[in-house]
Amino acid sequence: MKTLNVLFVSERVNETRFPADNPNAFRCIFAAEAETAIEKMQSIDFDIALIDTALPEEEAMRLKTLFSVQQPDTHIVPMPDTDDATETLARIADGIKARNRSKYRFTDNIFPN
């Protein structure tokens, strides 16, 4: 199963709350500002980006624009409250895994009747 890469862009997120490697099959990477997020985006292909709504609107728009051009398959989610982030992340990750699971269908018909 593929590990989902998640980018948290927020100054408020505490890394002890979201462990970097957890058993829910996603890897969390943190950025406190837009510039750091852009640098990380250049080297890592993210599946989900959680962007804090407390970020200045100009920086959030710049991140959304860059993600739509460079990584169009990334799910960009505004994060109004860090307390709700774990549930939101789990719901989105389950949706991505279910969608990817439905793409692959194999028929094993080695002994046809």
Side-chain angles (χ1 to χ4, degrees):
M1 180 183 302
K2 181 183 176 212
T3 301
L4 299 177
N5 290 321
V6 180
L7 175 66
F8 284 101
V9 185
S10 176
E11 295 177 353
R12 301 183 296 166
V13 174
N14 184 359
E15 292 190 29
T16 58
R17 235 181 122 87
F18 303 104
D21 295 316
N22 54 36
N24 294 336
F26 49 82
R27 190 177 76 172
C28 302
I29 298 165
F30 302 94
E33 56 189 23
E35 286 300 319
T36 309
I38 292 170
E39 289 174 7
K40 292 180 187 244
M41 185 177 57
Q42 300 296 327
S43 61
I44 301 170
D45 186 25
F46 290 104
D47 299 297
I48 304 169
L50 295 174
I51 300 175
D52 192 0
T53 54
L55 222 61
E57 187 65 30
E58 181 179 304
E59 289 185 10
M61 287 304 297
R62 186 169 70 173
L63 278 174
K64 290 176 185 176
T65 304
L66 284 172
F67 267 111
S68 68
V69 171
Q70 293 183 356
Q71 297 182 13
D73 293 335
T74 301
H75 294 276
I76 301 171
V77 181
M79 184 177 59
D81 188 16
T82 57
D83 295 336
D84 189 36
T86 49
E87 291 140 16
T88 303
L89 179 61
R91 185 172 24 86
I92 293 170
D94 289 341
I96 290 173
K97 289 176 188 172
R99 188 185 69 218
N100 289 344
R101 196 175 318 122
S102 66
K103 284 184 183 178
Y104 302 107
R105 185 173 169 185
F106 300 97
T107 304
D108 186 11
N109 196 11
I110 194 166
F111 301 112
N113 293 338

Tell me whether Glu35 is salt-bridged to Arg62, with the criterion being a basic N under 4.0 Å from an acidic carboxylate O.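 Yes, Glu35 and Arg62 are salt-bridged.
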For [X] against [Y], the heavy-atom pair lying closest together:
X     : Y     : result
Ile51 : Leu63 : CD1-CB, 4.1 Å
Met41 : Gln70 : CE-OE1, 3.6 Å
Glu59 : Ala34 : OE1-CB, 3.5 Å
Glu11 : Asp52 : N-OD2, 4.5 Å
Phe46 : Thr74 : O-OG1, 2.8 Å

Measuring from atom [atom1] of [X] to atom [atom2] of [Y], what distance do you get when rounded to the nearest 0.5 angstrom?
X     : Y     : atom1 : atom2 : result
Asp73 : Asp45 : CG    : CG    : 8.0 Å
Leu50 : Ser10 : CG    : OG    : 9.5 Å
Asn5  : Thr3  : CG    : OG1   : 7.5 Å
Ile76 : Ile92 : CD1   : CD1   : 11.0 Å
Leu7  : Lys40 : CG    : NZ    : 8.0 Å

Side-chain contact, heavy-atom cut-off 4.5 Å: Ile38 with Leu66?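 Sidechains of Leu66 and Ile38: in contact.
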Between Val6 and Ile29, is there a side-chain heavy-atom distance shorter than 4.5 Å?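 No, every pair of side-chain atoms sits at 4.5 Å or beyond.
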Answer yes or no: are there more than 12 heavy-atom neighbours, outside Glu58 itself, under 6.0 Å from its atom CD?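 No, CD of Glu58 has 12 or fewer neighbouring heavy atoms, counting only those of other groups under 6.0 Å.
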Flag, side chain of Gln71 to backbone of Ile44, donor-acceptor distance under 3.5 Å: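 Checking the backbone N and O of Ile44 against the side chain of Gln71, a donor-acceptor pair under 3.5 Å is found.
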If Ile, Leu, Val, Met, Phe, Trp and Tyr residues are connected whenever their side-chain heavy atoms lie under 4.5 Å apart, and connections chain through other members, are Met61 and Val9 in the same group?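 Met61 does not cluster with Val9.
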